[in-house]
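This report refers to the structure that appears directly beneath it.
Just so it is clear, the model here is predicted, and its values are computed rather than measured. Per chain, numbering begins at 1; letters A, B, ... match sequence-line order.
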Protein chains: 2
Amino acid sequence: MNSALDGFDIKILRLLQGNASLTNQQLGEDVGLSASQVSRRRQKLEQEGVIRRYRASLDPDALGLTVTAYVGVTLGAHTRENARRFRDRMVAMPEVQEAHTLTGDVDYMLKVVVADLKALSRFINDELLPQEAVLNVRSSIAMETLKDDNLLPLE
Amino acid sequence: MNSALDGFDIKILRLLQGNASLTNQQLGEDVGLSASQVSRRRQKLEQEGVIRRYRASLDPDALGLTVTAYVGVTLGAHTRENARRFRDRMVAMPEVQEAHTLTGDVDYMLKVVVADLKALSRFINDELLPQEAVLNVRSSIAMETLKDDNLLPLE
DNA sequence: AGTGAAAAACAATGGCG
DNA sequence: CGCCATTGTTTTTCACT
């Protein structure tokens, strides 16, 4: 299903990850291939799921979203039903950018982006804490973001 | 400089954030505008920096990157020079997806993606700990990722 | 696996209601 | 401010090496 990636593929992926507006012509010049070959390789990478999708990256500040926070959530009663409901809600909440289960003493770690501290407080008190499953919530606010590119390391 | 976004802009941004492959024609059909108007609005949004860039979103597993970890770093000697060097190194390290300074007891929180646990160990022991400024490192590994779309909440 | 040229789809621009 | 028509780019397909 997933044939091996060669050096051309890696280079194309690296360039597209940083800038998906590059034309096949430009990509071809950078990696040493014709535009038609780049097109064919791109289609293959998209079809195989190596390229999941193309996205516009927006500026949070320009949209009035000034607060990024990491929220650790500890669940109380670990019933299967409780956990399932909690997960479904998290996935559905637009303020939640990322949600992972972690090793260590916290059950879930959320990355949350909201307009301001008031909105964060509302999110925690009105969305998170009222859920049965949730025992405890602890949030840390990002004071300064040095890097947030989410660029995967290639090669 | 940054004129207010109206409902059309918000809808366009929401669609493009999820799928930047949509053509202006398709966007126009979804929001109720002609393709040329969508084109103009997009250019404005790009120029104003609301749209920062377009990116290909890649599948970490398909690239052999199976481990995501959150790494909390505590600095020892808080000299300006130490901190600056540490920050520069972090920004330059491709394994680091995100780096923030947080409120609370940890100085920096890093999101790190690497091939496997061995690579995580190498990253911590060979990249992080040898730095003068670093006093303590504590990592939590993401066992399951429920959500990782980094889609900003619009509206 | 690769190239180059032709066809089809698309974005961008100027004119007009 | 909005839409339509034209122009120039870009992607994709096809014939060929």
Using a cut-off of strictly less than 4.0 Å between a heavy atom of the residue and any atom of DNA chain C, enumerate the qualifying residues of residues 8-16 of chain A by number. A:Phe8

Report the distance from atom CD1 of A:Ile51 to atom CG of A:Leu45, rounding to the nearest 0.5 Å. 5.0 Å

Member of A:Leu135, A:Asn136, A:Asp107, A:Val134 meeting the side-chain contact (heavy atoms from CB on, under 4.5 Å) criterion with A:Val73: A:Val134

Report the distance from atom CD of A:Gln43 to atom C1' of C:dA1, rounded to the nearest whole Å. 16 Å

Atom-pair distance (CD on B:Gln47; P on C:dA11), nearest Å: 18 Å

One thing to verify: whether B:Asp105 and A:Arg138 come together as a salt bridge, which I'm taking to mean a side-chain N less than 4.0 angstrom from a carboxylate O. yes

Taking 4.0 angstrom as the limit, do A:Asp9 and A:Arg14 come out as a salt bridge? no

To the nearest angstrom, how far is B:Arg42 atom CZ from C:dA12 atom C1'? 11 Å

Rounded distance (Å) that lies between atom P of D:dT12 and atom CG of A:Leu27: 12 Å

All N/O contacts under 3.5 Å from nucleotides 15-17 of chain D to the protein, with atom names and distances to one decimal?
none

Round to a whole Å and report the spacing from CZ of A:Arg41 to P of D:dT12. 16 Å

In whole angstroms, how far is the C1' atom of C:dC10 from the CD atom of B:Glu29? 14 Å

About how many Å separate CG of A:Leu110 and CD of A:Glu95, when rounded to the nearest 0.5 Å? 11.0 Å

Under 3.5 Å, N/O pairs linking protein and nucleotides 3-10 of chain D:
{"from": "D:dC3", "atom 1": "OP2", "to": "B:Ser34", "atom 2": "N", "distance (Å)": "3.2"}
{"from": "D:dC3", "atom 1": "OP2", "to": "B:Ser34", "atom 2": "OG", "distance (Å)": "3.1"}
{"from": "D:dC3", "atom 1": "N4", "to": "B:Arg40", "atom 2": "NH2", "distance (Å)": "3.4"}
{"from": "D:dC4", "atom 1": "N4", "to": "B:Ser36", "atom 2": "OG", "distance (Å)": "3.1"}

